[in-house]
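See structure below.
Order of the sequence lines sets the chain letters (A, B, ...), proteins ahead of strands, with each chain counted from 1. Bear in mind the structure is a predicted one, so any value in this text is a computation, not a measurement.
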2 protein chains.
Amino acid sequence: MSPRSGKTTKQKLIDTATALFLEKGVDRVGVREIAATAGINLSLMNYYFRSKEILFETIFEIQIKERAHLLRVILDSEQTLENKIREYVSTYIDVLLDNPLLVSFVMSIVHRSPDTIAKMKVIENLYHTESFMEQLRKESEAGNIKPIDAEQFFLSMISLVLFPFAIQPLIQDRNRINNEQFRTMMRYRKEHVFQALWTSIKN
Amino acid sequence: MSPRSGKTTKQKLIDTATALFLEKGVDRVGVREIAATAGINLSLMNYYFRSKEILFETIFEIQIKERAHLLRVILDSEQTLENKIREYVSTYIDVLLDNPLLVSFVMSIVHRSPDTIAKMKVIENLYHTESFMEQLRKESEAGNIKPIDAEQFFLSMISLVLFPFAIQPLIQDRNRINNEQFRTMMRYRKEHVFQALWTSIKN
DNA sequence: CTATTGTTTAAAACAACGTTTGATATTACA
DNA sequence: TGTAATATCAAACGTTGTTTTAAACAATAG
């Protein structure tokens, strides 16, 4: 069962597909191109992954797993609300800068099969926000911050972080900037987003 | 040129495709289904629109044209910054509530062909923000609001408005709410977004 | 060693998709 | 009316993702 060459082949498929998906986008890469680039037979793709969709989901989970856990740990940590928001925003942007695939993948999934989103455990992990919500409510009731709708606030937080990456090509075209300049813009954005969020709730 | 039946056929195609795109999503509707539903021959689709992509872009422009103009007028109007932001956010959310296609369309385009975004004049119109940026800078220099990066602020504004619609299926799944409840949530969000934006820049 | 199980290859075909072709109607206009 | 432009149609094309079938190869257990 799963001899040396087996794992190698599966891994070659994953690596090749990841690189191609990243380079050209999921929908502009065909299975034949993946197989050819990886130097393996087309049928092997359906031997290890029953479909392109499953290969895609596999890669997605690999890419997002540790990062999602990283972000969840921050939300569940014992910090002041201010520091937690600052660290969450900063880390989230770093994660997206390191993995250009992620937002594109999520958008692709949401856009493609809205019904099968629930199946992805990773996303569930990403938005496990109970403790953060609880902290927001406590601080709010204690009068340490303004009264706030926790659900809306969290939605705003991820909107401010994620959306610019979702429309990255549009931003680059509009501002006539290249990839590196976009990355600089996003690093600079960390502080902007934190300030916007914090000043909107602090007393 | 363009006899009675001609315009009718073209219009039937547009109407049918719009309805189907709205119902099932652009990528889950085939050209044969559109033709069959419209009761016209398959080839006529490529007779009037050279490709499915062009049919899609045509519909997109029709759907977004007046709305984009509506939003631009608000940004260019002579109001106090506070009222302008409130009206822009409120109107933008109303537009998206009325046209569930729009965000899905934009995401589809950004995701599909990032290079051909510039071609769409409508988007150019959507993000014609010079006068708004200028107003932001003036108010900032006059000390009426906090010093702010206008580009980042505008990006934040559209992020807060658009992103929830971009991930609507995810939100509904996560909060276990139906379409109507999501719409209520978005209507309620108007005030939340405005407050977040305004308190983050007001003195 | 042999038999079984898992892996790899090749070639072909499938259904569905967007698109194109070429023939045929229909209309417009001189 | 005659002819060119326009509109419509059935059929096929090329490319997808996926499946099938048949044949080998490798590794392991009995």
Check: A:Phe182 ring centre within less than 6.0 Å of A:Phe165 ring centre: yes
Derivation and outcome, side-chain hydrogen bond (donor to acceptor under 3.5 Å, both in side chains), residues A:Thr91 and A:Arg67: CA-CA 9 Å; A:Thr91 305; A:Arg67 322 286 180 139; over 6 Å; no
Phosphate OP1/OP2 of D:dT6 contacted by B:Tyr47 side-chain N/O (<4.0 Å): no
Separation of D:dA22 C1' from A:Leu42 CG (nearest whole Å): 16 Å
Pair B:Arg187 + B:Glu180: basic N to acidic O under 4.0 Å: yes
Interatomic distance, B:Met45 CE vs C:dT21 C1' [rounded to whole Å]: 17 Å
Atom-pair distance (CD on A:Glu33; C1' on D:dT18), nearest Å: 18 Å
Test: A:Lys10 cationic atom under 6.0 Å from A:Tyr47 six-membered ring centre, within 45° of axis: no
B:Glu130 and B:Arg137 ion-paired at < 4.0 Å: no
Sugar-phosphate only, base, or nothing, as touched by B:Arg32 at under 4.0 Å among non-hydrogen atoms: base
Distance below 4.0 Å between B:Tyr48 side-chain N/O and D:dT8 OP1 or OP2: yes
Separation of atom NZ in A:Lys24 from atom C1' in D:dT16, rounded to whole Å: 14 Å
Nearest-angstrom distance from the residue atom CG of B:Leu13 to P of D:dA7: 13 Å
Position toward the 5' end of DNA chain C (nearest nucleotide), A:Ser43 or B:Asn46: A:Ser43
Any B:Asn41 side-chain N or O less than 4.0 Å from OP1/OP2 of D:dA10: yes
Atom-to-atom span, CG of B:Leu44 to C1' of C:dT20 - whole angstrom: 14 Å
Rounded distance (Å) that lies between atom P of D:dA7 and atom CZ of B:Phe49: 12 Å
OP1 or OP2 of D:dG17 under 4.0 Å from side-chain N/O of A:Ser51: no
Nearest-Å distance for atom pair NZ/P, residues B:Lys10 and D:dA7: 9 Å
